[in-house]
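Residue numbering restarts at 1 for every chain, and letters A, B, ... go by the order of the sequence lines. Predicted model only: the values in this text are computed from it and were never measured.
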Amino acid sequence: MRARMRRGSRTAAALSAMLMAGAVANAAETRSPARSRELYEAIVKKLDTGGDMLTVVNAAGYAEQTLDRVVKSLGQSEAGRGEIGPLATKVHAFVKEQGLYAVTGYGFSSLPQAEGHYRIKLFTSREERAAALPLWRGLAGGQPRALQSAAFWPADTVLAAAGSGEWNQLWRFARLGVTQLAPPAAQQAFEAWIKRTSAMLGSDLEALIGSLGDESFLCLQLSRTETIRIPGPAGQALAMPKPTLLIGLKLNDDTLPKMLEAQWQNLRAAGAPLPIAVTQVGTTRMHALSEPAPLPVPLQPAYAQHGGFFLVGSTPQTVQAAIQAFDSRKGLVATDEYRKALAGLPPQNNGIFFMGARLGATLTSLRQAALAESPSVPKAVGAFFDGLSRGLGGTRPATCAMVAINQRDGVLIAGNSSLSGAEIAALTAMSPVVPLLGAIAVPKYFQLVEVSDERNAEHKHTQEKE
Amino acid sequence: MMRENLSKRTRSNWVAVLAAGTLSCGLAPQARADAAQVALTKTQYEQAAAHLEPGGDLYLYARVDGLLRKLVEAVVQGLSAAAPHAAEMAEARDWAVKVHAFLDKNGFYAAQNIGISAVPLDDGLNSLRVFVGRDAQTAALPLWRTLHGSAPRALQSLNLIAQDAALVQISTAEPAQLWQLVRLAVQDLAPAEGREAFDAFLRKLPAQIGVDADTLARSLGAELFLSLHLSESAAITLPLPGNPFSMPTPSLLLGLAVVNDSLPRLIERQIVAAQLPLERTTVGDTALLTLNIPLPLPLPFPLRPTLAHAQGFLLIGSSPETVRAALDARRNGKDLAQNRAFQEAFAGTPWRECNGLGYMTKRFGKLVQDYQRANIAQMETMVKQADTSATVPLLIYTTLMREFAMDEPPAFSALVTRNLPHGVATQGRSTMSGGEWLAGSTLAPAMAVVGAGLMLPAVAGARNRARGVINMNELRQLGMAAIMYSMDHDEAFPAKISDLENKYGVALANLANDASFVWVSGLTAADAAQTVLAFRRPQAGQPVGMLVLYVDGSVKHIDENAWRLKATTPTLFFGTTDPAKVAELQRRVTLPAPYAAQLKTRQSGAQ
């Protein structure tokens, strides 16, 4: 076991080293001027020029050539002997077959608009042939269409994301990965896990995943009328609008609701006290936990099947609001803020992201309240951060509305944001911190694994002696 | 106490959280992008785009106008808000206000945008362009003149650089403007005591060096260069451990434009005052001053720093030959600018009138590549010896680096910089593609850190193991040489190791310098195979104990306890239990006093 663990960690580290070395070294790959121009023009025509940011990167063949060279050089060297070389070859073949090398370039633009907003566009250029492969269908979905998700979002929604990614395709991708890359023992363990989970659910896991449709969403609401109090940094209570969460999954059939119903019936048959209350919302049956959880944040999970979607809310009221919003079409989609934010964006799309002004305002006021009321933060420090925030313009909350469109030659994300391109770049520039931390952590991790292995072995040895 | 600590910790955690929160919220939007702002954004984009090249594999443009100003103003606003609550904050605000005014006045806020483009060319190179847009009004301020000088012009340095230059960097930056900036900074930002101390320093300076700082700064011209030359005929060997690396003999030349001889004379005065050995020669009517300083470390390449004042430049070369070559290049018209390869490298660029130039020849690129390969090979050897948990990933890392490095063409670049009214434009050709630029600026630093992180423990381990192996090998070689000596000398081993000097191919330098090394004289090849013939301590970092060479030529590492026993037990030391033989050996063999005493003490104790 110990040897296998060590081998596993070495393999993982070996693959990381191989990818990093290859990625940098392959950067000098010669590119065709004509192909470069063609790709540049294909990407730039999806973007806005003349704004405060424009980036076009040609990535055609970059990953594939890198891995090609990595696999080739490993095959000819001592380093590739053992399990590393064959594994790299398999990974390369799998990644190629599944369309991960299909990305040919990226583009990003930011164009200032009226009222401090920016039109943001992000385009990932992809080979057309890869669009129908499981990974791309799982992430981006199929043809753009009018998504139904937004109709469920209650009017007090402040953050929402919907996508037409297909869960069953992602599952297919994962299964293919296990079949093609995992060693036989891991494949068997995976199959056994599927069987155990199916038995536990009382329903075939594959059928359950297959019953999930090609749309899902998640949204956060902040009540306009109710407030809650949460503990602050020094134990003082901070008031904030009551938050609730809603998740929606489009269903192809009723396997999922039936599975849950069967679970409740089993409990009932076993004479166990049923913690679920069933109520009617119009013509829809809603199941909810009988009692809310004793938490400062309201939590009384509820679910219902409505309009072809399976809705799960953090409270029964959330699910009820979603059903009413959908039926009346008077939820978030009817608000001025949402209509204005999405104005001009294609209604036929594959994903929607919305962040309303109230989310930022709430976070800002929570921060200010925490600063003002916290005895552990000196007044001068609190005042400094407050002034700094005002100076940077933080008093005006961030807003954002984007749609994703799965096009023939790539995925375009377009929308309006109160963040400029340079501000987004500044956030992105902070990302190198992650590999730096990784660099510090990785050697330490291996040391810890070894120490842990040795201690386990010593412990086992001591136990055996005893 | 514990409560106090907890409170402090809570406070610092919260300060960190609030800082992060504030900054992330601060990245939220704000400046009202009215029609004028939108139009200005477009104008700035078009100005930058005119200096970039579309249609390649990388095009990057970002408007940064006002970002730094906004950040500093926000800090001032934060400190102003905090000032009523703490006197230190009020002081900090006053200082921040001064800094803000200084930065504004001196052009630090002038950068408006940054653009980069890379377009692949048919010959496999890439056309690279970089543009930093700037408010035209600030071009004449000290900061920008310090960085890039004034308007583009013909570079005088080119006439002083010989044609064998492999790496060249020229700039029309104005050091005098840097001094001006420093003076302004002290005047505007330093506290009264700081200003007084600075003034006092300036007042004392003429007495110390014979010239005042302002005169000296004014004597500096508006051009400087650095060139590295690689000899076409001579070579040196760099002592890479285990794998010496041969390369053309390098030489370095530094040039600084001067408007008079203040600086050359100052340097000469300082050298004379320091009584450093100075050799004076001439080339034509130019005097060369060569310093013959004995260097504390042996260098694998010649270093005899030489100064000359010629053609309006102070030249500092790594040898008199380098300076002579520069003067010859100028006199004979065989300078870099006349070199066909140079002209081809810069074809299509405005190199004849510019503000800076960077030139890396393929010859230099190949040298760097060869050196990298030698290092990677060395690293691979060490990794193989290290045998740690990171061995496999490191082997893969080094293998791939070697494989990829061998496949790539040697690095080359020829870039020209011009200081234009609206910004600083750089253009030229390079082996660096857009992808490489991106990878270099994003992945490479991360990779270097990860690689170093993985490498350090393994390399340290490998180094220790390698040292151990070297120590043992030296004893083994010594054993072999001693056996060969005994064959020539009636079975007798040498009385001292110096008897082996220059014989049997044995290197004695390390052993002779090792204070722990002991040679047991008086032994013969007929003595017991496991009799100790020589021993030495392992180096620091090695397992403690002793490395022992036996009469039969074998070498073993034995731990401290085993050695202590062996060093005090005659039967073990002489590898025999025969009392008569032990007694005979004790009479015949000569050991350094402490060891001989130890053996005797133990023997008498045993009796």
Review point. Salt-bridged, Arg35(A) to Glu38(A), with N to O below 4.0 Å?
Key: yes
**Study point:** Toward chain A, the part of Pro84(B) with a non-hydrogen atom under 4.5 Å
**Key:** neither
Point to revise | Glu46(B)/Lys42(B) ion pair, N-O < 4.0 Å | key: yes
Review point. Relative to the ring of Tyr45(B), is the ring of Tyr61(B) parallel (under 30°), tilted (30 to 60°) or perpendicular (over 60°)?
Key: perpendicular
Review point. Among Val119(B), Asp122(B), Leu125(B), who wins on heavy-atom pairs under 4.5 Å with chain A?
Key: Asp122(B)
Revision key, fill the gap. Comparing Thr49(A), Leu111(A), Leu39(A) against chain B, the one with the most heavy-atom pairs below 4.5 Å turns out to be Thr49(A)
Review point. Is it true that the side chains of Ser110(A) and Ser420(A) contain a donor and an acceptor less than 3.5 Å apart?
Key: no
Check your understanding: Given that the side chain runs from C-beta out, which part of Ser80(B) has a heavy atom under 4.5 Å from chain A: side chain, backbone, both or neither?
Key -> neither
Check your understanding: Where does Leu58(B) contact chain A at under 4.5 Å (heavy atoms): side chain, backbone, both or neither?
Key -> both
Point to revise | Sole residue of Lys70(B), Arg69(B), His100(B) in side-chain hydrogen bond (donor to acceptor under 3.5 Å, both in side chains) with Tyr109(B) | key: His100(B)
Check your understanding: Is it the case that Ser36(A) and Asp57(B) place a side-chain donor and acceptor less than 3.5 Å from each other?
Key -> no
**Study point:** Toward chain A, the part of Val64(B) with a non-hydrogen atom under 4.5 Å
**Key:** neither
Revision key, fill the gap. Note: vs chain A, highest number of non-hydrogen pairs under 4.5 angstrom among Pro54(B), Ala411(B), Gly115(B), Ala49(B) is Pro54(B)
